[in-house]
Amino acid sequence: MTKQIAQTADQRLMRDRPSFRILPGVSCLFLALVAVTAGCSGFATTTGPVQPNAAPGAIGQADSDDADSEGALTERQQRQIDLIAPILLESTNGPDDGRLLAAAQELLALEIDRADQILEQALRGNQPNQMLAVLRAMITSETTPQRLVQAALDILPTAPLQAQDTLWRLLAQHEADVLANISALVQDQSAAPEHRLNAIGALGAFRTRDAADQLIALLNEQREEPEAITAAACEALTRLTRLPYGNRPQTWRSWWVQARNQTREQWLVDQVQRLATERAELERELTLQRQRVRRVEQRVIEVLRDLFRALPTDVDQQLAPLPTLLDDELSVVREFAIERIRFISRDHEIPAALINALSARLDDPQATIRTRAARLLNELNYTELSERLARGLGDETSIDVIQTSIELLTERPTATALPALIRRIGDPTVSDAACEAVWKCLFLHGTEEIDAEQRAALIDSVRDASAVRTTPQLTRLAVYLSEDAEFGQAARFLESDDPAMRTAVAEALAQRSNLTLLRARADDTAVYPSLIRAIAQSDATLATLQSVVELRPPEETLTNTWRESITSVLAKLAPADVIGADDLLMQANADAALRIELLSRVATMPTEQLPAADRVEVATRLGRFFVEREQYADAHVALELITTANGSAELQQLRFKAALLAGHYNRAAEFQPTAEAWIELLADLAGGDETLAKRVQTEIDQRFGATLTEELRTRLDTLRQQLDGESQTPPEPTAADASNAASEP
């Protein structure tokens with residue numbers, strides 16, 4: 001019954017939803033409006049294509065000059081900040097609310113610190129219209145930076161009247177983060193009354209039992225609260241519960257006696273029933289006053305959000321209404337359904353049927369919904385996403401959808417997308433992204449080889465775009481597609497002051513296996529990664545390994561790249577080359593972990609893959625390595641891989657030491673049965689690991705005590721006194737000792 005009531009209310013309440021988001025086409029109009037506004041305000045802007053650099057040294061200079069002092073802003077980001085920020089921050093005379101909201105949404109969508117700082121400045125400022133625009137943008141955003149949520153919480157006590165309702169609804173979306181702070185202010189009788197009133201109003205937007213509990217506490221007669229406080233608490237309870245008890249504290253207290261003991265499900269049923277009643281009243285009013293449609297939509301979507309937030313954790317109950325909502329005629333309801341799927345997917349698997357229903361939104365008439373659906377399907381790992389995006393990219397008109405599609409195709413490349421991506425290279429707004437996606441399709445993800453027709457189209461697109469602007473992404477494709485005779489121009493690009501340009505050219509030359517130019521610039525941090533990886537991807541021989549090992553990184557920051565390249569070669573080496581490879585690593589003083597990784601992998605290979613002599617040598621090296629690092633258990637395991645009974649005296653002593661210090665005493669006695677050898681090893685331990693030495697001494701006493709010669713007994717007593725002098729605390733037997741004792745005969 002509970003599920004039926006909740007689902008019925010869900011389906012009725014989900015039909016209409018307001019949205020503060022920019023409508024289709026507004027984004028482009030907004031950017032045009034930004035340009036006009038900037039021109040009228042006296043802000044200088046730069047338009048037109050970026051011209052190619054006159055000299056290789058000037059490549060990338062514009063981006064460097066435009067770098068923000070607080071972070072690495074791209075030229076485009078800086079230009080967006082310069083154009084959009086004045087619209088939000090300098091609009092003090094009541095400008096159009098739509099422009100302010102659009103500016104706040106654009107800044108929030110940038111997702112960079114500088115944009116967040118501007119939004120926070122508007123929130124904390126003294127201009128209510130700026131504050132309200134930012135709050136509305138935050139409410140409709142999928143994610144909100146924590147610093148902005150904190151700023152919204154900080155302004156709650158003094159928020160102007162026109163921003164209070166929006167602020168309260170925003171804080172209700174972040175209940176887990178803010179409820180404790182708001183409750184503390186509400187209950188603080190020493191705080192300013194006007195500050196407490198704002199906080200009380202905020203609690204009314206939460207619609208949860210925890211918030212109701214805080215409000216009921218204010219109606220306790222023993223608190224002797226001012227009349228204004230109790231009246232505000234009653235008003236907030238009315239908004240929270242939808243109950244018609246008005247300013248009657250005693251009625252509210254009586255209601256709470258029953259409500260506080262309700263189960264979560266019953267609380268939800270009551271809320272649903274009240275919300276359903278409210279919805280019916282609103283529908284009757286809509287038939288008389290059509291001009292209130294948007295306001296009612298806004299209220300409905302708030303109800304939906306709160307309702308879903310209050311639903312039990314039954315996943316089936318959460319998912320049941322979503323397929324219908326995804327196909328609703330109102331775009332705001334479809335957006336809400338996508339948002340709910342994303343929320344549920346954080347903790348639960350989304351059924352295939354619902355994913356298929358979501359994929360239909362890739363063809364939605366609303367551009368924002370197409371974008372949201374694509375991003376969510378990517379998160380859900382929808383296997384057909386790349387093909388669907390590739391088919392739609394050619395005819396897509398929304399720049400936001402185009403940018404999103406290219407971004408996702410870069411992550412999920414497919415040969416099907418190449419024709420559409422090649423055509424987009426000529427569009428300056430997405431040219432670089434399209435070049436990146438083409439590169440990923442061709443090389444980094446193993447997509448099919450490009451055919452002659454596509455290659456010709458790609459060459460034409462790159463040539464035409466390069467005639468207007470020069471970027472690393474375009475240059476990388478140009479160098480890759482160029483004739484060998486044109487590599488001289490690539491050499492000039494390698495002298496560029498822009499590291500991104502040098503990296504792009506290096507990647508192209510590496511893909512062409514033209515390493516001569518790169519070797520001459522191996523000390524360039526922008527070139528080195530491409531060079532070292534290209535060498536590592538060649539033949540898996542000792543000569544290749546030697547080249548990689550000797551090509552040390554020019555800076556410590558590239559050490560991991562060097563190690564990864566060594567590892568990739570080692571993984572492909574034949575077992576017969578392992579000893580030689582370890583010699584190379586040893587001579588180069590390579591990272592110990594590299595040698596251990598190499599030797600450990602080979603030591604466990606099947607016998608038919610590794611000759612017996614090589615196996616003994618590998619295990620010996622590995623065991624010696626672990627002993628030197630005092631990893632005796634690992635050393636014993638490695639040395640036990642040796643199956644031959646014979647071996648040099650050095651090997652026998654190594655196996656003895658590893659077994660003894662790992663606690664395998666009977667095995668150690670097989671290698672060195674004499675008490676003299678055990679006492680010699682004990683002498684080596686003196687002054688080192690005290691606990692380990694005491695265990696060995698105890699084992700010698702138990703194993704050889706009755707058979708020791710006078711000389712050996714005297715020497716053992718001397719070592720015992722030395723150990724006792726260092727510590728009077730006898731070593732505690734470990735679990736490993738007990739296990740070894742139980743397992744050995």
Side-chain angles (χ1 to χ4, degrees), residues 109 111 142 322-323 326-327 334-335 337-339 341-342 344-346 349-427 429-459 461-462 465 473-474 476-477 480-481 504 507-508 511:
E111 297 184 347
E142 295 182 53
L322 293 180
L326 281 171
D327 200 35
R334 301 196 297 274
E335 287 185 21
I338 293 174
E339 178 183 327
I341 295 174
R342 172 177 284 107
I344 295 172
S345 68
R346 297 172 184 172
E349 184 176 353
I350 303 300
L354 184 55
I355 294 178
N356 289 332
L358 175 61
S359 70
R361 295 303 100 212
L362 293 173
D363 300 319
D364 195 279
Q366 190 86 6
T368 55
I369 293 181
R370 296 199 296 275
T371 299
R372 285 169 171 255
R375 292 195 178 280
L376 181 53
L377 286 168
N378 181 55
E379 295 174 13
L380 298 176
N381 200 27
Y382 176 54
T383 56
E384 298 181 19
L385 178 60
S386 296
E387 299 300 325
R388 293 285 303 276
L389 293 177
R391 291 197 298 269
L393 182 59
D395 299 326
E396 183 59 61
T397 57
S398 167
I399 186 62
D400 290 335
V401 179
I402 292 171
Q403 290 174 332
T404 298
S405 298
I406 292 176
E407 175 189 335
L408 297 179
L409 286 170
T410 303
E411 298 178 19
R412 297 168 170 267
T414 173
T416 308
L418 279 173
L421 290 171
I422 291 171
R423 289 196 297 271
R424 295 292 179 182
I425 289 177
D427 182 351
T429 59
V430 295
S431 177
D432 288 346
C435 288
E436 186 70 25
V438 168
W439 184 263
K440 295 291 181 66
C441 282
L442 292 178
F443 308 119
L444 300 188
H445 293 273
T447 306
E448 299 174 15
E449 181 69 23
I450 187 170
D451 59 37
E453 182 178 352
Q454 289 178 341
R455 182 181 180 86
L458 178 57
I459 291 174
S461 295
V462 172
Q473 292 82 1
L474 275 168
R476 177 171 56 186
L477 283 175
Y480 174 75
L481 296 168
E507 289 174 348
Q511 193 65 41

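Residues take their numbers from the sequence shown, with the count starting at 1.
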Interatomic distance, [X] atom [atom1] to [Y] atom [atom2] [nearest 0.5 angstrom]:
| X | Y | atom1 | atom2 | result |
| --- | --- | --- | --- | --- |
| L442 | L458 | CG | CG | 7.0 Å |
| L421 | S405 | CG | OG | 9.5 Å |
| C435 | L477 | SG | CG | 5.0 Å |
| I425 | S431 | CD1 | OG | 6.5 Å |
| N381 | I350 | CG | CD1 | 13.5 Å |

Tell me, please, which residues at least two apart from [X] pass salt bridge (Lys or Arg N to Asp or Glu O under 4.0 Å).
| X | answer |
| --- | --- |
| R391 | none |
| R476 | E436, E507 |
| R412 | none |
| E387 | none |

Please name all residues satisfying side-chain hydrogen bond (donor to acceptor under 3.5 Å, both in side chains) with [X], sequence neighbours left out, ordered by chain then number.
| X | answer |
| --- | --- |
| E407 | R375 |
| T429 | D427 |
| D363 | R388 |

I'd like to know if the side chain of T404 reaches the main chain of V401, judged simply by a donor and an acceptor atom lying under 3.5 Å from each other, with no hydrogens or angles considered.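 Not confirmed, T404 side chain does not pair with V401 backbone.
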
Main-chain N/O of S398 paired to E396 side chain as donor or acceptor, under 3.5 Å: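 The answer is yes, because a donor-acceptor pair under 3.5 Å joins these two groups.
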
Mind checking whether [X] and [Y] have side chains closer than 4.5 Å, heavy atoms only?
| X | Y | result |
| --- | --- | --- |
| R361 | R370 | no |
| Y382 | N356 | yes |
| R423 | S461 | no |
| R334 | P365 | yes |
| D400 | Q403 | yes |
| L322 | I344 | yes |

Residues L380, L385; criterion side chain to side chain contact (heavy atoms under 4.5 Å, CB included); working and verdict: CA-CA 10 Å; L380 298 176; L385 178 60; over 6 Å; no

Among residues at least two apart in sequence or on other chains, which ones pass side-chain contact (heavy atoms from CB on, under 4.5 Å) with [X]?
| X | answer |
| --- | --- |
| A457 | I422 |
| D432 | R469, T471, Q473 |
| P323 | L354 |
| A390 | T414, T416, A417 |

Begin from the C-alpha positions of K440 and E411 and carry the test salt bridge (charged side-chain N to carboxylate O under 4.0 Å, His left out) through to its verdict. CA-CA 8 Å; K440 295 291 181 66; E411 298 178 19; over 6 Å; no

Under the criterion side chain to side chain contact (heavy atoms under 4.5 Å, CB included), I'd like the reasoning laid out for E339 against E142: C-alpha separation, chi angles, the key distance, then a yes or no. CA-CA 8 Å; E339 178 183 327; E142 295 182 53; over 6 Å; no

